[in-house]
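In what follows, chains are A, B, ... by sequence order, proteins preceding strands, each numbered from 1. Not measured: the values here are computed from a predicted model.
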Amino acid sequence: MQGLQIKNEMTQEEKFKAIIAHSKEYGYIFPSSDIYDGLSAVYDYGQMGVELKNNIKKYWWDSMVRLHENIVGLDSAIFMHPKTWEASGHLSAFNDPLIDNKDSKKRYRADVLLEDYLDKIEGKIEKDVNKGKKRFGENFDEDQFRATNPNVLRNKKKYDEVHIRMVDALEKNDLVALKTLIEACGIADPISGTKNWTDVRQFNLMFSTQIGSVSEDAGTIYLRPETAQGIFVNFLNVQKSGRMKLPFGIAQIGKAFRNEIVARQFIFRMREFEQMEMEFFVKPGTEMEWFKKWKAIRLAWHKALNLGEENYRFHDHDKLAHYANAATDIEFNFPFGFKELEGIHSRTDFDLSNHQKVSGKKLQYFDSITKENYIPYVIETSIGLDRMFLSILSSAYKEETLDNGEKRTLLSLPAALAPIKLAILPLVKKDGLPEIARKIRDDIKFDFNCQYDEKDSIGKRYRRQDAIGTPFCITIDHDTINDNMVTLRYRDDMSQDRIPIEKIRGIVEEKVSYKNLFKNITSTN
RNA sequence: GCGGAAAUAGCUCAAUUGGUAGAGCAUCGGCUUCCCAAGCCGAAGGUCGCGAGUUCGAAUCUCGUUUUCCGCUCCA
């Protein structure tokens, strides 16, 4: 260790920009369709990025599917039957008519504005009814009052009229009618107080396309907005063919698509992204216990990477989604602050029971111990692969000033995840050293991803490897010819060891194995 | 989507009131030193994001547009 000083003058924003530039310069991440000026919020993974991404997937997959005997994998299609999204609730929940107030610049759901308005009318009616109650005391006939009181009748008529028109407009997806109705009701923005509205626009967070080649026969299908539903619809297939017993899990890695209104912050929020999801099916009533267990397992998984324990925290949800009875996020300290990296949700039997309802197929599990049939409850762990990638990249990126004043930029990636594990460098490109180096490379190129480099001075080559995050370099020098020893150089502290050629494989293998990351992760069986 | 800022070589940035587009690093081909980048010679790389307009002439002025960053907004 040469007394390295880490430069701290950089602001978080500068650091984030530097990471983005570094990603492009060294082949980690490119803007999509770069030569056409890019496509908003879509990115491509380059020659280094794809390796790192694959290594992250393997780390996750093996820690789920191999470490736990009761978790199996799945790779379901991106296209799914349209009814899937009806059952999951995405069709209604992801499909909102939105309207903006031009003065306050606030955006609202048009149907919510109308519902709030209806609630107000309802409030008036109840107020009148309560007044009547007070006035008539015990003799009060509520039904009679509602049917005869002129105020109540007027409001009731108004309510029904607006309600019918709203439901009608929503059903027909008539955006013009929605706006007309909002104007007719005289709804004002609660913030600006004005009625200066834009047109109602449809924001569908699901991408749709046509299946079938002839347009009149074609049906609308969606690109999945989450991978989880592919697991739920395969629940019975997997459970029966795999003879799975509760509790058990199904894990899946795959692309998902969301037409976000605003997608930003590099690869943090993209329109096309990749999820690593695991649905764990449990006996109803045991879900909170498993929820707690999975929180602990998942946090341990993250911490095993040694990116700094202080960079993780739980964020429990106060407002729960319609399907959940408990939910938490594992947040990571990104260059733009703590943000969601992974979600852990107790989804109850929401998904399976809805699929059972919509499909008409029984999605139950027969418990041979209690002799009961029931729909299992589900604990979901859902992690954004691209976010995981960004968390690793941003914590690995370092700019150092060495004792001699030189600058060094390095990616201090966990060795198990680094794209290139080992660089093989002849000290000079003459005197037979390249030949020895190439032979070593040929001997171990199938054991790890290696890179051979003979261009420029040895120091320059070390820095190049630092920049792409290669944890180990071996250097072949003139002494190697006589003693069969090479120099093993470590990325993080730039220290060196002298080791025999035949031990390279064993030593590096031990250091880059992700098996030792699993040491602190408990198994579920 | 709204507001602000920006876009020139792979990267970081120059280019005087509008007058032939430059540097450093990186890359490539050689030479030299040889265990921690920036030694020498040479080469390649740009319709100045894109499209219009004004002008004898536009990287520079005007408008539009795309992309990125920041703040709102959105994110069952």
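- In this structure, A:Tyr26 places its OH atom 8 Å from P of B:rU27, rounding to the nearest Å.
- A:Arg387 forms no cation-pi arrangement with A:Phe332, by the criterion of a distance under 6.0 Å to the ring centre and an angle within 45° of the ring axis.
- Residues satisfying the side chain to side chain contact (heavy atoms under 4.5 Å, CB included) criterion with A:Val282, sequence neighbours excluded, are A:Pro247, A:Phe280, A:Thr286, A:Glu287, A:Trp290, A:Tyr377.
- Both distances falling under 3.5 Å, in either a Watson-Crick or a G-U wobble arrangement, occur for no nucleotide opposite B:rA59.
- With sequence neighbours excluded, the residues satisfying side chain to side chain contact (heavy atoms under 4.5 Å, CB included) with A:Phe336 are A:Phe16, A:Gln265, A:Phe268, A:Phe334, A:Lys339, A:Leu390.
- Near RNA chain B, defined here as any heavy-atom distance below 4.0 Å, the residues from residues 418-431 of chain A are A:Leu427, A:Val428, A:Lys430, listed numerically.
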Hey, what are the protein-to-nucleotides 5-12 of chain B N/O distances that come in under 3.5 Å?
from   : atom 1 : to      : atom 2 : distance (Å)
B:rC11 : OP1    : A:Lys24 : NZ     : 3.0

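- Shown here are the salt bridge (charged side-chain N to carboxylate O under 4.0 Å, His left out) partners of A:Asp431, two or more places apart in sequence or in another chain: there are none.
- The side-chain hydrogen bond (donor to acceptor under 3.5 Å, both in side chains) search around A:Arg313 returns A:Glu331, not counting sequence neighbours.
- B:rG24 is paired with B:rC11 under the Watson-Crick or G-U wobble criterion, all donor-acceptor distances under 3.5 Å.
- A:Arg463 meets the side-chain hydrogen bond (donor to acceptor under 3.5 Å, both in side chains) test with A:Glu406; sequence neighbours excluded.
- The partner of B:rG71 is B:rC2, judged by Watson-Crick or G-U wobble contacts that both fall below 3.5 Å.
- Judged as a side chain to side chain contact (heavy atoms under 4.5 Å, CB included), and not counting sequence neighbours, the contacts of A:Glu272 are A:Lys255, A:Phe257.
- The base of B:rC35 sits with one of its N or O atoms less than 3.5 Å from a complementary donor or acceptor on the side chain of A:Thr487.
- As rounded to whole Å, 15 Å separates atom P of B:rA38 from atom NZ of A:Lys407.
- The side-chain hydrogen bond (donor to acceptor under 3.5 Å, both in side chains) check on A:Tyr312 picks up nothing, with sequence neighbours excluded.
- When the side-chain hydrogen bond (donor to acceptor under 3.5 Å, both in side chains) test is applied to A:Arg441, no partner is found at least two apart in sequence or on another chain.
- One can find a donor-acceptor pair under 3.5 Å joining the base of B:rC36 and the side-chain atoms of A:Arg489.
- Annotation: proximity of residues 328-341 of chain A to RNA chain B (heavy atom, distance under 4.0 Å) is found for no residue.
- Partners of A:Gln451 according to the side chain to side chain contact (heavy atoms under 4.5 Å, CB included) rule, which considers only residues two or more places apart in sequence or in another chain, are A:Met48, A:Ile420, A:Gln465, A:Ile468.
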